[in-house]
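Worksheet for the structure shown next.
Excluded from the calculations below are hydrogen atoms, water molecules and symmetry mates; all remaining heavy atoms, backbone and side chain alike, are included.
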Amino acid sequence: MKKLVQDLLPPGVCNLLNSSTIYANNEVCLGDIEVYGFDYDYTLALYSSALHSMIFNTARDILVEQYKYPDAIRKYEYLPNFAVRGLHYDINKGLLMKIDAYHYIELGTAYRGLKPVPDEEVMDLYQGTHHIPLHQVSGFYGKGPAVKQFMDIFSLPEMTLLAVANDFFLTNDIDYDPIHLYKDVTDAIRDVHIKGFMYKWIMQDLEKYILRGDETYAVLHRLASQGKKLFLITNSPFSFVDKGMKYMVGKDWRDFFDVVIVQADKPHFFNDCIKPFRQLDANGDLKWDKITSLEKGQVYKQGNLFDFIRLTGWRGSKVLYFGDHLYSDLADLMLRHGWRTGAIVPELETETKIVNTEQYSQSLTWLQALTGLLERMQNFRDPESQLVLQDWMKERHELRAVTKNLFNPQFGSIFRTCHNPTYFSRRLCRFSDLYMASISCLLNYDLSYTFFPRRTPLQHEAPLWMDQLCTGCMKTPFLEEMAHIR
């Protein structure tokens with residue numbers, strides 16, 4: 001069987017993907033981009049996983065000390081490999097689950113607490129289906145009222161705390177309301193952010209928490225040296241951003257940026273025109289002047305995109321903005337304002353390595369071959385053929401589990417539910433022109449480079465184009481030439 005699968009694989013297929021590649025959902029020519037904008041957290045600054053443990057532990061202790069949850073909850077430690085980004089949580093039922101692009105739960109990925117919910121129970125809970133009418137139960141930004149989607153990387157500790165809190169009550173047979181638990185956990189996580197715990201940890205040990213700051217410097221230096229305008233729009237406070245940027249880029253980091261905006265209150269910054277800009281003085285205190293221009297070297301707080309565009313004249317497809325949160329950072333910019341958008345998806349680094357393994361390639365190839373056999377042979381109705389088809393269907397189901405578990409035993413890849421794209425993938429394609437593991441991927445491309453999306457065949461089209469095999473998936477074009485920038 002292994003020999004048969006190897007014969008089906010093109011030579012070198014296991015080495016096609018490179019984690020430094022920038023992937024295109026839409027055609028983008030960097031030569032047309034005059035202005036580059038950035039979020040801060042998980043865009044300019046990448047954080048180590050140690051931060052997630054700190055968020056989890058602190059929020060867990062808040063549950064015990066402030067919300068009077070049983071002290072025994074402290075026995076739970078952070079589980080770094082439990083959840084993945086993009087999951088949905090049914091607030092009323094206490095279920096954490098992965099949903100595909102067509103709003104169907106991927107059976108086998110619905111968890112109550114730390115245990116999977118049997119497929120039959122999932123179907124019963126949703127009136128005989130595993131379809132979730134997200135347009136009714138969750139708003140555009142995925143925040144409820146009945147179902148929440150966890151879209152940013154900071155949500156990994158929150159999902160894990162929800163799971164272990166549910167698990168505690170279930171395993172100890174304590175009656176509880178999942179709605180109250182959800183509110184308490186989200187409030188505890190919110191307190192970690194609002195009360196500045198996270199900012200304090202990072203500022204006290206920048207070397208421990210901030211990763212690859214030299215690459216951030218290289219990106220900014222390269223863009224500025226080639227005459228590009230740069231701006232920063234972040235929800236984080238100035239003192240926090242200033243210390244992190246000085247660590248990564250140097251004390252004169254603001255010289256790279258034409259506009260710096262902190263505590264912007266995204267996504268509201270992008271979709272309303274209520275809050276005016278306020279300027280900060282050298283001590284970070286608010287000034288009272290009316291803002292009539294956004295000046296280089298100054299720092300501004302709050303504001304809104306409508307005034308930003310009016311004061312800078314930066315509009316439309318000559319602007320490319322990078323962020324990690326598909327809703328808060330990118331959705332409104334693409335849908336309402338016509339900016340180009342780049343999504344930062346650090347998970348690409350790990351998932352690319354898995355996709356490049358021989359085990360994954362062989363499993364997926366045989367899975368696709370089995371699916372093709374089932375499709376072609378399903379019309380044979382004799383008993384012997386039916387037994388063969390049943391065996392193939394069983395093997396297909398097992399292979400799906402194998403490929404899923406390679407990424408994450410509970411929820412699989414953040415990009416796929418067995419065959420269909422995930423809901424996260426659907427949003428990624430809708431709200432980003434480009435996506436990449438980090439902004440350092442820009443170092444591998446000339447600033448006149450054009451990104452072409454692969455032409456993916458529609459279901460009624462023949463998959464015969466060579467660009468399916470090469471465009472967007474080969475090694476980055478200038479990786480060796482640009483290595484000196486790193």
Side-chain angles (χ1 to χ4, degrees), residues 39-89 91 96 111 113-114 142-143 148-168 181-212 234-237 239-241 243-244 247 263 266 323-329 344-347 350 408 410-411 414 424:
D39 181 29
Y40 180 71
D41 296 302
Y42 281 108
T43 301
L44 290 176
L46 295 178
Y47 300 120
S48 70
S49 58
L51 184 61
H52 297 158
S53 297
M54 293 291 288
I55 294 171
F56 174 89
N57 292 338
T58 305
R60 178 201 60 198
D61 293 346
I62 289 172
L63 284 180
V64 174
E65 294 164 9
Q66 297 184 25
Y67 293 86
K68 307 306 178 186
Y69 275 57
D71 192 68
I73 286 181
R74 293 186 196 264
K75 74 176 183 180
Y76 289 96
E77 298 293 335
Y78 180 61
L79 304 171
N81 298 314
F82 176 73
V84 299
R85 189 153 57 125
L87 301 179
H88 285 76
Y89 185 78
I91 297 167
L96 187 65
Y111 275 69
L114 298 174
K143 294 185 177 180
K148 177 177 179 178
Q149 186 178 20
F150 292 99
M151 290 297 280
D152 67 347
I153 303 169
F154 284 129
S155 64
L156 292 172
E158 183 175 357
M159 287 186 277
T160 307
L161 187 56
L162 279 168
V164 302
N166 276 291
D167 184 76
F168 172 80
L181 185 147
Y182 169 78
K183 185 178 187 308
D184 293 343
V185 168
T186 55
D187 285 351
I189 291 285
R190 181 202 62 199
D191 286 349
V192 173
H193 294 282
I194 287 181
K195 294 182 178 179
F197 291 111
M198 187 191 77
Y199 301 138
K200 182 181 70 174
W201 302 328
I202 295 173
M203 291 169 72
Q204 287 177 345
D205 198 343
L206 296 167
E207 188 174 352
K208 177 180 178 180
Y209 292 110
I210 293 183
L211 305 174
R212 294 154 57 178
T234 174
N235 285 349
S236 292
S239 59
F240 173 70
V241 174
K243 190 155 188 178
Y247 172 75
Q263 292 177 275
K266 298 177 292 183
D324 68 290
H325 198 300
L326 300 183
Y327 294 132
S328 295
D329 288 324
I344 304 302
V345 188
E347 295 92 339
T350 300
N408 175 283
Q410 294 76 233
F411 302 102
I414 71 169
F424 175 88

Between V345 and I414, is any pair of side-chain heavy atoms under 4.5 Å apart?
yes

To the nearest 0.5 angstrom, please state how far the OG atom of S239 sits from the CE atom of M203.
4.5 Å

Would you tell me whether D152 and Y327 have side-chain atoms, one donor and one acceptor, within less than 3.5 Å of each other?
no

Which of parallel (below 30°), tilted (30 to 60°) and perpendicular (above 60°) describes Y182 and Y89?
parallel

Y209, Y199, Y247 screened by ring pair (Phe, Tyr, Trp, His ring centres under 6.0 Å) with F240, the one that passes:
Y199

Distance check, rounded to the nearest 0.5 Å: L87 atom CG versus M151 atom CE?
10.5 Å

Within the 4.5 Å heavy-atom criterion, are P346 and R85 side-chain neighbours or not?
yes

Sorted by chain and residue number, the salt bridge (Lys or Arg N to Asp or Glu O under 4.0 Å) partners of D61 (sequence neighbours excluded) come out as R74

Using only atom types and a distance under 3.5 Å, with no angle test, would you say the side chain of Q149 pairs donor to acceptor with the backbone of G86?
yes

Quick one: closest heavy-atom pair of A59 and A188, and the distance?
O-CB, 3.7 Å

Would you call the rings of Y111 and F82 parallel, tilted or perpendicular, where under 30° means parallel and over 60° means perpendicular?
perpendicular

Residue pair V164 / F56, side-chain heavy-atom distance below 4.5 Å:
yes

Are the side chain of D167 and the backbone of A163 linked by a donor-acceptor contact shorter than 3.5 Å?
no

Centroid-centroid distance, F154 to Y42, less than 6.0 Å:
yes

Side chain to side chain contact (heavy atoms under 4.5 Å, CB included) with I55: which of F197, Y78, W201?
W201

Side chains of H52 and I153 in contact at under 4.5 Å (non-hydrogen atoms)
yes

Straight-line distance of K183 NZ to L181 CG, nearest 0.5 Å
12.0 Å

Would you please classify the geometry between the F168 ring and the Y76 ring as parallel, tilted or perpendicular, with 30° and 60° separating the classes?
perpendicular

Heavy-atom pair of closest approach, residues G323 and T43:
CA-OG1, 3.4 Å

Just so I know, are the side chains of T186 and R190 near enough to count as touching, which here means a heavy-atom distance under 4.5 Å?
no

Would a 4.5 Å heavy-atom cut-off, applied to side chains only, mark L96 and Q410 as touching?
no

Check: E77 main-chain N/O paired with N57 side-chain donor or acceptor under 3.5 Å:
no

Between the main-chain N or O of K266 and the side-chain N or O of N235, is there a donor-acceptor pair closer than 3.5 Å?
yes

From T234 atom OG1 to L44 atom CG, the distance as rounded to the nearest 0.5 Å
8.5 Å

Do L211 and Y47 have side chains that get closer than 4.5 Å, going by heavy atoms?
no

Spell out, as yes or no, whether a donor-acceptor pair under 3.5 Å connects the side chain of D324 to the backbone of I344.
no

With rounding to the nearest 0.5 Å, note down the distance linking NZ in K208 to CG in L206.
12.5 Å

Polar side-chain atom of T160 near backbone of A83 as donor-acceptor pair, under 3.5 Å:
no

Minimum heavy-atom distance between A165 and V185, given as atom pair plus value
CB-CG2, 4.4 Å

Nearest-0.5 Å distance that lies between atom CG in D184 and atom CD1 in I62:
11.5 Å

Residue pair D39 / H325, side-chain heavy-atom distance below 4.5 Å
no

